[in-house]
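Worth saying up front: this structure is predicted, and the values here are computed from it rather than measured.
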Amino acid sequence: MSKIMDRNKLGRGLDSLLGEVIEINEGERILQLSPGEIRPNTLQPRENFDHGVMDGFVESIKAHGILQPVVVRWTGDGYELIAGERRWRAAKQLGMAAIPAVLRNVDGEKALALALIENIQREDLNPIEKAKAFVNLMKNFGLTQERVAECIGMDRSTVTNMIRLLELPSDIQGYVSRGTISVGHARALLSLQNEKEQRSLCDCIIREGLSVRDVEALVSGAKKPAESRQKTTKETHTRHLEDRLREALGTMVTITERNGKGKIIINFKGLDQFERIMQRIGAV
């Protein structure tokens with residue numbers, strides 16, 4: 001029987017932690033459960049389920065079935081999901097009668113740790129979700145920022161900067177979550193003294209397609225607002241095209257253009273997302 005995760009084990013590295021989530025340990029059973037028998041974890045760190053990505057999950061499961069079981073625990077009054085919420089949601093959408101599920105014997109605190117680590121390891125949380133996941137690890141396990149950084153293999157300054165994003169107003173956090181503004185933009189906004197100034201400059205970033213360097217210059221006083229408004233209609237149009245492509249493909253897209261020539265950069269995290277992007281553009 002595998003050992004149950006404790007706080008010391010959190011420091012052993014993400015590879016071992018991920019193994020605790022997706023591998024089938026000795027003595028554990030794979031059940032065939034109806035999606036309706038499983039309820040979602042209320043402490044799931046992912047808040048936004050991108051429609052484009054979910055469509056890719058649905059199409060993949062429709063074609064190949066569920067290749068990796070979800071992970072659940074028994075709570076006394078039903079099964080609660082620990083890991084695999086997108087697979088579970090896709091199965092419900094397809095009306096599947098049963099899905100494979102690993103039954104794991106863990107309490108609520110350990111279930112939270114598994115859900116958080118599984119999502120952070122996959123690197124597909126948006127920045128705000130990741131910041132909240134870090135805070136949850138600190139709150140529920142009494143970890144310092146330095147200890148969280150050790151657990152997930154990041155610099156402590158990266159963890160600190162990510163958590164600071166939660167100091168922004170909720171509407172600006174929403175823009176960061178959706179990729180409307182970047183983490184770099186958000187960090188620059190944190191330098192402003194009040195929420196009114198932050199919202200005003202955030203609106204300007206979105207409206208005029210300001211770069212992070214532009215925002216940093218405005219915040220420091222090195223550039224006046226009028227200077228930042230000298231963006232051409234062509235540049236603004238490019239930003240709108242980027243937003244439309246992000247929404248269609250479910251990932252970050254960057255367009256660079258000069259003298260009628262340029263390139264489109266489509267970012268992906270893992271082969272699964274790459275395959276879903278290729279499906280959406282009709283390449284496979």
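Here Ile255 contributes atom CD1 and Leu245 contributes atom CG; the two are 5.0 Å apart, rounded to the nearest 0.5 Å. With rounding to the nearest 0.5 Å, the separation of CD1 in Ile99 from CD1 in Ile30 is 12.0 Å. Here the CD atom belonging to Gln198 is positioned 9.0 Å from the CD atom belonging to Glu167, to the nearest 0.5 angstrom. The structure places OG of Ser60 at 7.0 Å from CD of Gln279, a figure rounded to the nearest 0.5 Å. Atom OG in Ser200 sits 9.0 Å away from atom CG in Leu192 (nearest 0.5 Å). Residue Glu275 holds its CD atom at 11.0 Å from CD of Glu59, rounded to the nearest 0.5 Å.
Two different hydrophobic clusters hold Met278 and Ile265 under the rule that ILVMFWY side chains link at heavy-atom gaps under 4.5 Å.
Inter-residue side-chain proximity for Asn161 and Val183 is flagged as unmet; no heavy-atom pair is nearer than 4.5 Å. With a 4.5 Å cut-off on side-chain heavy atoms, Arg187 and Arg164 do not count as touching. For the pair Val148/Ile163, no side-chain contact is recorded, criterion being any heavy-atom separation below 4.5 Å from C-beta on. Residues Cys204 and Leu201 form a side-chain contact, since some pair of their non-hydrogen atoms from C-beta on lies under 4.5 Å apart. Put simply, the side chain of Leu33 does not reach to within 4.5 Å of the side chain of Val70, judged on heavy atoms. Residues Val58 and Leu94 have side chains in contact (heavy-atom distance under 4.5 Å, counting atoms from C-beta outward). Leu165 has its side chain out of reach of Gln173: every pair of non-hydrogen atoms, C-beta onward, lies at least 4.5 Å apart. Side-chain contact check for Glu37 versus Val72: every heavy-atom pair is 4.5 Å or farther apart.
Across all their heavy atoms, Met162 and Ala131 have their closest contact at O-CB, 3.2 Å. Residues Leu103 and Tyr79 approach most closely at CD1-CE2, 3.9 Å, considering heavy atoms. The minimum heavy-atom distance linking Val212 with Ser182 is given by the pair CG2-OG, 3.6 Å. Contact detail for Pro35 and Trp88: the closest heavy-atom pair is O-NE1, 2.9 Å.
Under a 4.0 Å N-O distance rule, the pair Glu129/Lys132 does not qualify as a salt bridge.
Residues forming a side-chain hydrogen bond (donor to acceptor under 3.5 Å, both in side chains) with Glu195 (at least two apart in sequence, or on another chain): Arg199. Residues meeting the ring pair (Phe, Tyr, Trp, His ring centres under 6.0 Å) test with Tyr175, sequence neighbours left out: none.
Put simply, the side chain of His185 never gets that close to the backbone of Ile206: no donor and acceptor are under 3.5 Å apart. In this structure, Asp155 contributes its side chain and Thr158 its backbone to no donor-acceptor pair below 3.5 Å. A donor-acceptor distance shorter than 3.5 angstrom exists from the side chain of Asn126 to the backbone of Ile128, with no hydrogens or angles considered. For the pair Arg73 (side chain) and Ile82 (backbone), a donor-acceptor distance under 3.5 Å is absent.
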Would you check, one step at a time, whether the test side-chain contact (heavy atoms from CB on, under 4.5 Å) holds for Ile61 with Arg86? CA-CA 11 Å; Ile61 290 174; Arg86 288 184 297 189; over 6 Å; no
Please determine whether side-chain contact (heavy atoms from CB on, under 4.5 Å) holds for the pair Ile181 and Ile172, giving the CA-CA distance in whole Å, both sets of side-chain angles, and the decisive distance to 0.1 Å. CA-CA 9 Å; Ile181 66 172; Ile172 296 180; 4.0 Å; yes
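More than 12 heavy-atom neighbours from other residues, nucleotides or ligands sit within 6.0 angstrom of CD on Gln32.
Defined by atom type and a distance below 3.5 Å, a donor-acceptor pair is present between the side-chain atoms of Asp214 and Ser211.
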